[in-house]
Amino acid sequence: MTPDKNRDRPLVSFDWALKRLLRNKACFEVVEGFLSELLSRQITITSVLESEGNREHARDKSNRVDVVAEDEAGEVILIELQFIPEMDYFQCMLYGASKAVVERMIQGDPYMKIRKIYSINIVYFDLGQGKDYVYTGKTDFKGVHSHEILKLSKEQYDIFGKIEAGDLYPEYYVLKINNFDDVAKTPLDEWVYFLKHDRIGEHFRAKGLRKAREILDYSRLSAEEKADYDYEQSIKSHHLSQIASAKAMGISEMEAKYSKTLEEKDRTIEKQAQEIEKLKRLLNMKQDSTFTP
């Protein structure tokens, strides 16, 4: 179902809200709703933690928003939004999940203390080749000969509450927002529509969206929050415009421009190195002139 655009209400973007508004426990309902629709089970967030990847202000020009949430089961959920294309973003996903595992292990803890990690990646560029707009991936242990999936023992199930061995490993979700056709057929589609357009249709009923409509209403922001939001949106638009321009230039011209930039940086570094060496020689000459045998 296509939303009635005349009745949509302009809201602040999800990435800005994650940094500014949704870290308050009173607002967890919004994040819980999104995760519940994506993971197809009820999620209850107990805490939203700061991440080293987060920047304090939009002027830091960080294009990724890192949010680390913990649910009532003690599982860790990473939410990242990425606007600028990165060729190695899949490795970035792996690094983020691996780092989350290591950061939450205390030296000397048994391996059974390792937490389940969910890596939620919301990307606004064409990542890989695929026409779908929601992808999920996990580790599977499959028999080479029998092709059966390796499952946990009854004792392991009693400890971990998981069925398959791969269920203990990180799971990844990739939402390719620009691939969405704007026709919201499911509750998750309603969320994807919001992530793409910063709007929520009046008829949308997905979990968390009712609260999001209330909290993220631009008109309810303070003057300072509006100024901060408008500034960040202008920065984002500038970055996206640069990407579009680079794409229009073509690969060869981009490579030439990139090579020229590298050459300029190399010349600057070489000049700085020469200045440092010159200062070292002057310092040594001064020390020699004051030396008394």
Side-chain angles (χ1 to χ4, degrees), residues 1-5 7-19 22 30-43 53 63-67 69 77-97 117-140 170-213 216 233 236-237 239-241 243-244 246-247:
M1 183 181 298
T2 303
D4 180 359
K5 294 184 178 180
R7 301 185 65 191
D8 287 355
R9 298 169 61 181
L11 305 173
V12 299
S13 61
F14 191 59
D15 62 311
W16 190 86
L18 281 175
K19 289 186 289 184
L22 300 181
V30 177
V31 182
E32 289 171 347
F34 167 63
L35 295 174
S36 296
E37 299 293 7
L38 178 64
L39 303 180
S40 300
R41 60 184 176 86
Q42 182 59 44
I43 298 293
N63 57 289
R64 182 180 300 121
V65 179
D66 296 332
V67 171
I77 302 171
L78 312 178
I79 305 176
E80 295 190 356
L81 288 91
Q82 179 73 11
F83 292 92
I84 308 303
E86 289 185 2
M87 293 295 293
D88 57 355
Y89 189 75
F90 286 115
Q91 287 91 334
C92 178
M93 290 164 46
L94 174 61
Y95 176 80
I117 305 292
Y118 294 89
S119 174
I120 315 298
N121 301 271
I122 304 169
V123 299
Y124 291 81
F125 61 95
D126 193 17
L127 179 63
Q129 297 186 56
K131 296 180 180 179
D132 209 323
Y133 52 94
V134 180
Y135 290 85
T136 180
K138 56 173 288 189
T139 299
D140 285 322
E171 292 185 23
Y172 300 89
Y173 290 80
V174 176
L175 280 67
K176 298 176 64 173
I177 301 302
N178 292 340
N179 281 11
F180 182 56
D181 62 4
D182 293 346
V183 179
K185 300 177 181 178
T186 67
L188 178 58
D189 286 349
E190 294 177 0
W191 263 102
V192 176
Y193 181 90
F194 166 57
L195 293 171
K196 184 176 180 179
H197 297 288
D198 301 333
R199 291 176 176 271
I200 297 174
E202 291 294 333
H203 63 277
F204 284 1
R205 296 293 181 267
K207 293 178 181 178
L209 286 184
R210 184 186 299 273
K211 188 70 172 180
R213 184 184 289 115
L216 307 184
Q233 291 303 102
K236 184 193 301 182
S237 297
H239 286 323
L240 295 179
S241 177
I243 294 172
K247 190 174 182 180

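Bear in mind that the values here come from a model prediction, so they are computed numbers and not experimental data. Positions are given from 1 along the sequence.
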Backbone N or O of [Y] within a donor-acceptor pair of the [X] side chain at under 3.5 Å?
X      : Y      : answer
Arg41  : Leu35  : no
Thr136 : Tyr173 : no
Lys176 : Leu127 : yes
Asn179 : Gly130 : yes
Glu190 : Phe204 : no
Asn121 : Glu80  : no

What's the spacing between [X] [atom1] and [Y] [atom2] if we round to 0.5 Å?
X      : Y      : atom1 : atom2 : result
Ile117 : Glu171 : CD1   : CD    : 11.0 Å
Asp182 : Tyr193 : CG    : OH    : 6.0 Å
Leu175 : Ile79  : CG    : CD1   : 10.5 Å
Leu22  : Asp15  : CG    : CG    : 10.5 Å

For a quick test of reading the model, state the closest non-hydrogen atom pair linking [X] to [Y] and the distance between them.
X      : Y      : value
Trp191 : Ala206 : CD1-CB, 3.8 Å
Ala212 : Ile200 : CB-CD1, 3.9 Å
Ser13  : Gln233 : OG-OE1, 3.5 Å
Phe125 : Ile84  : CE2-O, 3.7 Å
Gly96  : Leu78  : O-CD1, 3.6 Å
Ala17  : Leu216 : CB-CD2, 3.5 Å

Are side-chain heavy atoms of [X] and [Y] found at a separation under 4.5 Å?
X      : Y      : value
Ile122 : Ile177 : yes
Ile120 : Val67  : no
Tyr172 : Phe90  : no
Val31  : Leu18  : yes
Pro187 : Lys207 : no
Tyr124 : Leu195 : yes

Quiz item: Partners of Asp189 by side chain to side chain contact (heavy atoms under 4.5 Å, CB included), sequence neighbours excluded?
Solution: Tyr133, Phe180, Ala184, Lys185, Thr186
Practice problem: Would you sort out whether Leu38 and Ile43 count as a side chain to side chain contact (heavy atoms under 4.5 Å, CB included), showing the intermediate values? | Solution: CA-CA 10 Å; Leu38 178 64; Ile43 298 293; over 6 Å; no
Exercise. Compute the ring centroids of Phe194 and Phe34, then answer whether they are less than 6.0 Å apart.
Key: no
